[in-house]
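Notes follow the structure.
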Amino acid sequence: MKTEYDLSKMKSRKNPYASKLKRPVTMRLSEDVVAYFKGMADEAGVPYQSLINLYLRDCLAQNRKVQIKWPQGA
């Protein structure tokens, strides 16, 4: 193996994974929610942010809708 390679003659090409790149977002999550996902992530051996992304992706794939029921006014 060479100690140095001449990369100046390489042709550039598009990243085939560019369409699947993740977008950084800022979210405020309850501490108990973060703790829940961190615990599951530790068991699965994956980063907790990746686990949250997988969960949300599954919701997307299954077309799950959130059922929000606000308490009636007092």
Side-chain angles (χ1 to χ4, degrees):
M1 182 179 259
K2 293 182 180 181
T3 56
E4 287 188 34
Y5 290 90
D6 182 11
L7 304 178
S8 63
K9 295 179 182 163
M10 282 186 66
K11 293 181 182 178
S12 65
R13 61 182 182 158
K14 286 187 174 182
N15 181 346
Y17 302 104
S19 64
K20 300 192 184 290
L21 292 177
K22 295 179 181 175
R23 177 180 175 193
V25 297
T26 301
M27 297 177 63
R28 296 192 185 281
L29 302 173
S30 302
E31 287 186 30
D32 57 339
V33 171
V34 174
Y36 175 76
F37 278 99
K38 280 187 174 184
M40 284 198 327
D42 285 343
E43 290 175 15
V46 297
Y48 78 97
Q49 291 169 326
S50 296
L51 185 63
I52 292 171
N53 188 65
L54 287 169
Y55 181 79
L56 293 174
R57 181 171 292 285
D58 182 62
C59 290
L60 177 81
Q62 300 299 321
N63 199 29
R64 289 194 185 104
K65 304 289 182 193
V66 175
Q67 300 294 322
I68 300 175
K69 294 183 181 178
W70 298 103
Q72 297 297 323

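When a residue number appears, it is its place in the shown sequence, counting from 1.
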Quiz item: According to the salt bridge (Lys or Arg N to Asp or Glu O under 4.0 Å) rule, which pairs have a member within residues 30-58, sequence neighbours left out?
Solution: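 Listed once each, the pairs are D58-R64.
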Quiz item: Remaining members of L54's ILVMFWY cluster at a side-chain heavy-atom cut-off under 4.5 Å?
Solution: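 None; L54 is a cluster of one.
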Quiz item: Tracing side-chain links under 4.5 Å among I, L, V, M, F, W and Y, which residues wind up in one group with W70?
Solution: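 Besides W70, the cluster holds V66, I68.
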Quiz prompt | Those residues that, when tested against S8, pass side-chain hydrogen bond (donor to acceptor under 3.5 Å, both in side chains) (two or more places apart) | solution =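 For S8 the side-chain hydrogen bond (donor to acceptor under 3.5 Å, both in side chains) partners, ignoring immediate neighbours, are D6.
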Practice problem: Please identify each residue that fulfils side chain to side chain contact (heavy atoms under 4.5 Å, CB included) with M27, with sequence neighbours left out. | Solution: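 Checked M27 against side chain to side chain contact (heavy atoms under 4.5 Å, CB included); matches are V25, L29.
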Exercise. To the nearest 0.5 Å, tell me how far R13 CZ sits from K11 NZ.
Key: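 R13 atom CZ to K11 atom NZ measures 12.0 Å (nearest 0.5 Å).
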Quiz item: Which residue pairs satisfy the ring-ring contact (aromatic ring centres under 6.0 Å, His included) criterion with at least one member in residues 26-67, sequence neighbours excluded?
Solution: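 Counting only pairs at least two positions apart or across chains, the ring-ring contact (aromatic ring centres under 6.0 Å, His included) contacts touching residues 26-67 are F37-Y55.
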Quiz prompt | Least distance between heavy atoms, P47 atom then A41 atom | solution =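 Reported closest heavy-atom pair: C-CB, 3.9 Å.
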